[in-house]
Trainee: 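One structure, as structure tokens, below. Some questions next.
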Amino acid sequence: MAYKILILGASYGSLLGTKLLMAGHDVTLVCRSQTARLINAEGTEVRLKLKGEEQHRTIRSGDLPGRLDAKAPEEVDPAVYDLVALAMQEPQYSAHAIWTLMVRIADAHVPCLSIMNMPPLPYLKRIPGLDAAQLQASYTNAHVWDRFDPDLMTLCSPDPQAFRPPEEQPNVLHVGLPTNFKAAAFADPAHDKMLRRLEADIDAVRLDGKEVPVKLRVFDSLFVPLAKWSMLLTGNYRCITAGEPRPIREAVHADLEASRTIYAHVDAIARRLGADPADQVPFEKYARAAEGLLKPSSAARAVAAGAPAIERVDRLVQLIGRSLGMDSAAVDWVVATVDAKLAQNQRLSA
């Protein structure tokens with residue numbers, strides 16, 4: 001049986017969408033009307049490397065067994081879908097058309113898998129002892145999440161590095177680092193069964209007899225997706241400087257001991273919440289991966305392009321740390337740097 005899956009966001013979402021299409025499931029991408037027309041006419045194109053190959057493969061949606069379409073937010077009836085994947089940047093959910101769609105999704109009680117860096121507030125409510133109300137200031141508009149049932153929300157660590165080539169049309173995605181999506185299980189066993197079925201279906205896909213990277217991996221622990229926080233605070237947000245953005249490799253390796261300190265501190269916050277060391281990624285493994293990340297993070301590129309708002313995992317981690325009595329001058333510096341750049345952008349856009 002093919003599942004019907006709604007994905008909010010046609011950029012990063014097209015990567016997950018392609019893997020689902022390869023596994024024979026049906027996907028609808030939610031995006032702007034112009035992009036939807038392009039995708040409905042030409043499909044999507046994802047470029048990634050298979051293990052042991054030097055050149056990127058081009059995977060076109062029209063060649064895959066699943067069915068793809070794209071719709072503008074106002075055209076979507078969430079009730080006809082089995083699963084919703086949230087693949088937009090957190091500030092985008094505050095736009096009127098998306099927010100009204102989110103209300104319809106919540107009211108339809110469709111299970112949601114977030115692949116945002118920023119965990120939805122309903123997911124944080126699943127963590128025992130964490131007061132989500134104290135964390136609302138880190139969201140562009142926390143009220144977007146008011147109607148969602150925490151038991152219908154789970155989180156997937158979006159580890160793969162991918163971007164839209166600026167010279168290409170918006171239906172093209174280039175995967176630079178093809179690592180896995182790591183998802184926590186749903187609270188409801190029925191929804192968890194569906195998620196694990198998707199995991200198995202994606203795992204079984206072969207291309208010319210070879211495994212295709214970027215798998216979906218499902219874990220019982222709520223805390224596996226939070227391993228991404230250490231990477232974001234150590235690399236992605238530190239790409240943002242008072243001047244021009246710097247590559248992730250430079251952010252991590254320019255001062256490796258400072259990077260190690262920040263990484264360990266954020267790991268310690270996750271462990272105070274309940275994470276096991278097995279849920280986390282060793283700093284050395286992350287540092288090796290960062291050696292190949294030669295571009296600034298998407299957050300840094302957005303700020304450099306004048307974005308007045310981005311996902312603020314840095315502020316979220318700061319607030320959680322403070323609530324646990326785990327302040328960090330290094331984290332405060334990261335947050336202050338991002339605050340200053342966004343404030344400058346907001347003044348320029350006013």
Side-chain angles (χ1 to χ4, degrees), residues 3 5 7 9 11-25 27 44 46-53 56-57 59 64 66 83 85-87 112-119 123 154-163 173-186 191-207 210-232 234-236 248 263 267 270 275-293 297-298 313:
Y3 288 117
I5 298 163
I7 301 180
S11 180
Y12 199 66
S14 68
L15 175 54
L16 177 62
T18 292
K19 298 306 306 268
L20 293 165
L21 293 168
M22 295 180 83
H25 299 284
V27 172
T44 58
V46 170
R47 300 168 184 167
L48 57 76
K49 285 184 182 179
L50 272 59
K51 187 175 182 180
E53 295 188 355
H56 280 72
R57 297 278 193 121
I59 302 174
L64 305 178
L83 177 71
L86 304 175
C112 296
L113 169 68
S114 171
I115 61 171
M116 300 188 296
N117 280 323
M118 189 74 172
Y123 183 78
T154 196
L155 179 64
C156 186
S157 176
D159 285 347
Q161 301 286 327
F163 63 94
L173 190 75
H174 184 94
V175 181
L177 184 65
T179 50
N180 295 326
F181 290 107
K182 299 177 181 178
F186 278 109
H191 299 146
D192 190 40
K193 183 179 179 180
M194 173 177 60
L195 195 60
R196 293 182 188 275
R197 158 82 187 282
L198 295 174
E199 175 187 30
D201 289 351
I202 290 172
D203 194 49
V205 169
R206 296 294 183 271
L207 189 59
K210 297 182 178 182
E211 289 194 19
V212 183
V214 189
K215 304 292 183 77
L216 174 64
R217 298 299 189 206
V218 183
F219 297 84
D220 291 328
S221 172
L222 281 171
F223 302 99
V224 167
L226 306 192
K228 184 71 173 182
W229 290 0
S230 303
M231 306 176 199
L232 293 169
T234 303
N236 296 44
I248 294 177
Y263 199 94
D267 269 1
D276 187 275
D279 297 331
Q280 300 176 317
V281 176
F283 173 75
E284 290 73 17
K285 183 176 181 179
Y286 169 67
R288 285 195 300 272
E291 289 176 354
L293 301 178
S297 64
S298 58
V313 180

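For the single chain, residues carry numbers from 1 onward in sequence order.
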Trainee: Hey, are E284 and R288 close enough for a salt bridge, meaning a charged N less than 4.0 Å from a carboxylate O?
Mentor: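 Salt bridge: no.
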
Trainee: Should the pair E199-K215 be classified as a salt bridge under the 4.0 Å nitrogen-to-oxygen rule?
Mentor: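 Here E199 does not pair with K215 in a salt bridge, since their nearest N and O are not under 4.0 Å apart.
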
Trainee: How long is the gap from CD on Q280 to OG on S221, to the nearest 0.5 Å?
Mentor: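 Atom-to-atom, Q280:CD and S221:OG are 9.5 Å apart.
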
Trainee: What is the ring orientation for Y3 with H25, classed by angle as parallel under 30°, tilted 30 to 60°, or perpendicular over 60°?
Mentor: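 Answer is parallel, since the angle falls under 30°.
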
Trainee: Please tell me if the side chains of K182 and V281 come closer than 4.5 Å, counting only heavy atoms from C-beta onward.
Mentor: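 When only atoms from C-beta onward are counted, V281 and K182 do touch, with a gap below 4.5 Å.
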
Trainee: If I take atom OG from residue S230 and atom CG from residue D267, how far apart are they, to the nearest 0.5 angstrom?
Mentor: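 Reported value, rounded in 0.5 Å steps: 3.5 Å.
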
Trainee: Could you grab the distance from atom OH of Y123 to atom SG of C156, nearest 0.5 Å is fine?
Mentor: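 Here the rounded value is 10.0 Å.
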
Trainee: Given side chains that start at C-beta, do those of F186 and L83 come closer than 4.5 Å, heavy atoms only?
Mentor: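 Counting from C-beta outward, F186 and L83 do come under 4.5 Å.
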
Trainee: Given side chains that start at C-beta, do those of L216 and L195 come closer than 4.5 Å, heavy atoms only?
Mentor: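 The answer is yes; the side chains approach within 4.5 Å.
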
Trainee: For the CG atom of D279 and the CZ atom of F223, what is their distance to the nearest 0.5 Å?
Mentor: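 Going from CG on D279 over to CZ on F223, the span is 7.5 Å.
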
Trainee: Taking side chain as C-beta onward, heavy atoms only, is S11 less than 4.5 Å from L173?
Mentor: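 Yes - at least one pair of side-chain heavy atoms lies under 4.5 Å apart.
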
Trainee: Evaluate the side-chain proximity of V175 to V46: yes if any heavy-atom separation is below 4.5 Å, no if none is.
Mentor: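 SC-SC contact between V46 and V175 confirmed.
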
Trainee: Parallel, tilted or perpendicular: which fits the ring planes of Y263 and Y286, with parallel below 30° and perpendicular above 60°?
Mentor: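 Y263 and Y286: parallel rings.
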
